[in-house]
Amino acid sequence: MTHRSVLLSSNCDAWPEAFNGQAYAFMNVVQGIEHADLLCPQPAAHTGGRGINPSVPYLWHELKHRVQSQLLRTLGRHGLSNAQSVTVDQDYDFFMFVCQFPLELTALDRIKGWRERCGQAVVYMLEGWQDRFPKQRQELRMLDQFDHVFVLNKESIPALQAYTKTPVSFLASACDTLLSVPYPDPPERSIDVLSMGRRIPQLHDAMARLSASDHRFFYVHDTSKGGAVTSWPQHRLQMANMIKRAKYFIAYDFSVDTAGVFKNMKKNALATRYFEGAAGGAVLLGSAQTCPEFSEYLDWDDAVIELPPDTRDVQGFLADLNAQTERIAHIRTTNMSRCLRRHDWAHRWDQILQTMGLTRSDGLQRRLDWLASLSTLVEQPTAHHAVHDLCATA
């Protein structure tokens with residue numbers, strides 16, 4: 001029996017934007033399989049005035065914060081975190097910090113005693129681009145405090161290694177497949193197409209027109225930009241519930257950059273949305289990513305069905321796919337099965353433990369066994385009742 005105390009942390013509460021849902025999802029799975037505590041700093045008090053009509057005190061304090069932060073960076077030090085201070089009040093065997101960007105590493109200054117009170121320490125950075133590293137070098141030096149750095153962007157590793165003495169390894173994204181997979185009672189796929197995030201404007205407009213002219217066609221998509229997530233559990237549950245009710249889920253490569261964040265920037269990293277859509281049993285429409293790890297991790301036929309950007313007859317395109325019932329059913333089953341066997345956050349945690357020379361806990365082994373059993377049942381044509389019975393006893 002392996003017993004270790006684990007502390008998990010992130011600044012996902014201090015910066016509750018939707019992209020930080022990956023950090024929450026990973027930590028939530030690990031917390032369920034280890035003797036783990038979660039310690040995430042809350043946002044600074046003045047940020048409560050942030051919003052569409054920001055308060056004057058917020059604007060003043062935010063301006064002061066940014067000026068001070070930039071001054072420190074000009075002096076060769078890392079910037080300031082916009083989070084409240086928290087204190088690690090007991091000893092832990094293992095510490096994992098999960099962040100989206102290098103600039104979020106400054107939140108470590110707000111977690112008092114994390115390095116002194118924790119044994120081994122790792123960080124998982126989900127987004128880092130080599131052409132931005134020179135301007136983030138002060139924050140990247142904070143990686144020296146860890147025993148190992150894991151990154152989602154594999155191609156950034158050679159450049160990143162020049163900024164830290166800590167070993168750096170690739171760690172693919174994943175999802176909470178037990179939350180995502182629509183078993184034991186699969187709901188009706190009442191959503192025809194689900195589109196969240198990046199999309200091609202012409203195709204989106206065509207689907208929106210189809211939705212307006214045909215009340216039977218249910219197209220769910222973003223209608224606003226920005227906004228803080230008010231509850232991570234509710235946010236992740238709602239997303240999973242929509243995907244498991246969707247026939248098709250839109251997933252595009254970074255080259256479709258509707259937000260303009262990556263304009264004129266060369267980049268490639270394995271996106272989480274592919275795993276979330278596949279685990280939910282939706283058929284992925286859009287484009288495959290060109291990074292080598294995409295073909296390694298989503299290496300089955302029809303993992304993504306290419307959606308031509310000049311498709312004018314969207315209704316005909318989807319009707320043709322709907323008519324291929326055996327192909328669609330096979331795609332759904334394969335998507336769910338492969339994610340259960342290989343792309344749960346537990347699989348990534350297992351990789352971290354192996355890298356750090358640690359053994360599996362009983363909780364991790366139980367989850368891995370359960371994922372394998374559920375995958376076997378999903379693959380069987382008559383698996384529904386067996387899955388239901390297995391879930392009832394889990």
Hey, does the side chain of [X] reach the backbone of [Y] with a donor-acceptor pair shorter than 3.5 angstrom?
X	Y	value
Q138	R141	no
D192	F218	yes
R366	D369	no
R348	L171	no
Q289	A269	yes
R245	I191	no
N153	G128	yes
T166	V149	no
N335	A282	yes
R360	L368	no

Legend entry - Residue among D91, D37, D93 satisfying salt bridge (charged side-chain N to carboxylate O under 4.0 Å, His left out) with R117: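 The residue from D91, D37, D93 that satisfies salt bridge (charged side-chain N to carboxylate O under 4.0 Å, His left out) with R117 turns out to be D91.
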Legend entry - Remaining members of hydrophobic cluster (4.5 Å side-chain criterion), F101: W15, F19
So, [X] versus [Y]: side-chain donor-acceptor pair below 3.5 Å or not?
X	Y	value
D13	W232	yes
H148	S169	yes
N11	E104	yes
S156	Q130	no
D253	S287	no
D109	H78	yes
H204	Y219	yes

In a table with atom names and distances, give each donor-acceptor pair under 3.5 Å that connects a side chain of residues 314-325 to protein atoms at least two apart or in another chain.
| unit_1 | atom_1 | unit_2 | atom_2 | d |
| --- | --- | --- | --- | --- |
| D320 | OD2 | Q324 | NE2 | 3.2 |
| N322 | OD1 | Y248 | OH | 2.7 |
| N322 | ND2 | L318 | O | 3.2 |
| Q324 | OE1 | R327 | NH1 | 3.0 |
| Q324 | NE2 | D320 | O | 3.3 |

Legend entry - Y274 and its ring pair (Phe, Tyr, Trp, His ring centres under 6.0 Å) partner, picked from F249, F294, Y252: F294
Legend entry - Reference residue W349; test ring pair (Phe, Tyr, Trp, His ring centres under 6.0 Å); the match among F150, Y124, F94: F94
Heavy-atom check, side chain of [X] versus side chain of [Y], under 4.5 Å:
X	Y	value
M196	I250	no
L178	L374	yes
V98	M27	yes

Starting from [Y], can I reach [X] by hopping between I/L/V/M/F/W/Y residues whose side chains sit under 4.5 Å apart?
X	Y	answer
M142	V86	yes
L103	L126	no
F275	F170	yes

Legend entry - Over 12 foreign heavy atoms within 6.0 Å of CD, Q90: yes
Inset, instruction - For atom CD of Q161, decide whether the heavy atoms of other residues, nucleotides or ligands shown that lie under 6.0 angstrom number more than 12. - result: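 Atom CD in Q161 is packed in, count exceeds 12.
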Legend entry - Chi angles and distances behind the side-chain hydrogen bond (donor to acceptor under 3.5 Å, both in side chains) call for W129, E127: CA-CA 7 Å; W129 308 105; E127 193 168 323; 3.2 Å; yes
Inset, instruction - Determine, for R338 against D299, whether the closest basic-nitrogen to carboxylate-oxygen distance falls under 4.0 angstrom. - result: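 Yes, this pair counts.
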Inset, instruction - Please list, chain by chain and in numerical order, all residues satisfying salt bridge (Lys or Arg N to Asp or Glu O under 4.0 Å) with R341, sequence neighbours excluded. - result: E379
